[in-house]
Amino acid sequence: MEYNTTRNHLVMREYGRHIQKMIEYLLALEDEEKRQRNAQSVIELMGFLNPHLKNVEDFRHKLWDHLFLISDFKLNVASPYPIPTRETLKARPKPLPYPKRYPKFSHLGKNLELIINKALQEENPEKRNGFANAVAYYMKLAYNNWHKETVHDDAIQSELSSITGNQLEFTNTPYVRSFRNSDNRGERDRDRGGYGGDYRNKRNQKFQRNNNNRNDRNNNNNDRGGKFKKKRY
């Protein structure tokens with residue numbers, strides 16, 4: 001009886017012990033043609049055992065790489081893909097350079113600083129004014145998000161002037177909606193496709209008309225003395 005403690009290390013558990021034994025059998029074969037045919041069969045069997053690899057790009061390339069990895073890179077067969085080596089497997093990737101960006105105005109961020117520099121280099125007055133309006137709108141929006149209160153346009157203009165050296169001035173008021181107006185609720189609901197104020201008004205008018213009709217019938221019954229005529233058969 002064979003125990004797991006007496007077996008060799010299982011390289012890739014997702015393929016199981018039997019696949020590893022098949023690959024060890026391939027290493028013992030001396031005939032190259034037979035070894036190549038059996039290697040193709042093992043590749044097909046590995047694909048059946050892991051159908052999720054079919055959704056991965058170049059899944060057959062991964063199967064061949066796993067075949068050489070399980071054989072400890074000792075299997076001598078022809079592969080349709082570049083044969084991996086132990087050095088390429090354990091090679092460390094090159095370190096990624098960390099972007100060193102030091103914004104002058106940290107509370108506004110580096111991206112807004114890039115937009116301001118692009119606006120200062122713009123020669124077209126209309127585009128330059130559009131840049132200034134966009135920058136002022138974002139500044140007011142950021143202030144409203146962080147401080148939860150509105151800010152006057154003069155404060156935005158003074159900060160923008162100090163940043164750009166009095167080179168940018170916005171014309172359109174960057175309005176930031178900080179609350180919902182209850183008067184326009186019906187129009188907003190109607191625009192969204194829901195039941196707006198017109199529907200509520202019609203519903204209230206219909207309800208009042210039904211109440212008036214019911215009161216008229218009650219008044220007519222009271223005028224008759226509240227007595228009902230006896231039905232004659």
Exercise for the section: In sequence, state the C-alpha distance, the side-chain angles, and the governing distance for Arg17 and Asn8, and then conclude on side-chain hydrogen bond (donor to acceptor under 3.5 Å, both in side chains). Expected result: CA-CA 10 Å; Arg17 177 68 63 177; Asn8 56 351; 2.8 Å; yes
Completion exercise
Between the CG atom in Leu67 and the OH atom in Tyr81, the distance rounded to the nearest 0.5 Å is 13.0 Å
Handout entry: CD1 on Ile116 to CG on Leu112, rounded to 0.5 Å
Key = 4.5 Å
Practice task
Not counting sequence neighbours, which residues clear ring pair (Phe, Tyr, Trp, His ring centres under 6.0 Å) with Phe131? List them please.
Solution key: none
Exercise for the section: Nearest 0.5 Å please: distance from the CG atom of Asn144 over to the CE atom of Met139. Expected result: 14.0 Å
Handout entry: Modelled atom types, side-chain donor and acceptor of Ser158 and Ser161, under 3.5 Å
Key = no
Problem - salt bridge (Lys or Arg N to Asp or Glu O under 4.0 Å) contacts touching residues 115-126 (sequence neighbours left out) - result: none
Practice task
Heavy atoms only: give me the nearest Arg35-Leu75 pair and the separation to one decimal.
Solution key: CD-CD1, 4.0 Å
Practice task
Verify whether one side chain among Asn76 and Glu32 offers a donor that lies under 3.5 Å from an acceptor in the other.
Solution key: no
Fill in the blank from the handout: d(Asp65 CG, Ile83 CD1) to nearest 0.5 Å is 10.0 Å
Fill in the blank from the handout: Taking every heavy atom of Val11 against every heavy atom of Gln20, the minimum-distance pair comes out as N-OE1, 3.1 Å
Exercise for the section: Starting at CG of Asp72, measure out to NZ of Lys74 and round the result to the nearest 0.5 Å. Expected result: 5.0 Å
Practice task
Check Pro84 against Phe73 and note the closest heavy-atom contact, atom names and distance.
Solution key: O-CD2, 3.5 Å
Fill in the blank from the handout: Rounded to the nearest 0.5 angstrom, the CD1-CG distance for Ile163 and Leu168 is 10.0 Å
Practice task
With the side chain counted from C-beta on, respond yes when His61 and Pro80 share a heavy-atom pair under 4.5 Å apart, and no when they do not.
Solution key: no
Handout entry: Side-chain heavy atoms of Asn117 within contact of Glu113, under 4.5 Å
Key = yes
I'd like a table of donor-acceptor pairs (distance under 3.5 Å, sequence neighbours excluded) in which one partner is a side-chain atom from residues 36-49, with atom names and distances.
residue : atom : partner : partner atom : Å
Gln36   : OE1  : Ala78   : N            : 2.9
Gln36   : NE2  : Ala78   : O            : 2.9
Asn38   : ND2  : Lys34   : O            : 3.2
Ser41   : OG   : Arg37   : O            : 3.2
Glu44   : OE2  : Arg60   : NH1          : 3.4
Glu44   : OE2  : Arg60   : NH2          : 3.2

Exercise for the section: Show your working on side chain to side chain contact (heavy atoms under 4.5 Å, CB included) between Ser71 and Leu27 and close with a plain yes or no. Expected result: CA-CA 8 Å; Ser71 65; Leu27 294 174; 4.3 Å; yes
Handout entry: Hydrophobic cluster identity match, Ile70 and Leu10, side-chain contacts under 4.5 Å
Key = no
Practice task
Answer yes if Leu114 and Val135 sit in the same cluster of Ile, Leu, Val, Met, Phe, Trp and Tyr residues linked by side chain heavy atoms under 4.5 Å apart, and no otherwise.
Solution key: no
Practice task
Measure the acute angle between the ring planes of Tyr15 and His66, then classify it against the limits of 30° and 60° as parallel, tilted or perpendicular.
Solution key: perpendicular
Exercise for the section: May I ask you to test the Tyr138-Asn111 pair for a side-chain heavy-atom distance under 4.5 Å? Expected result: no
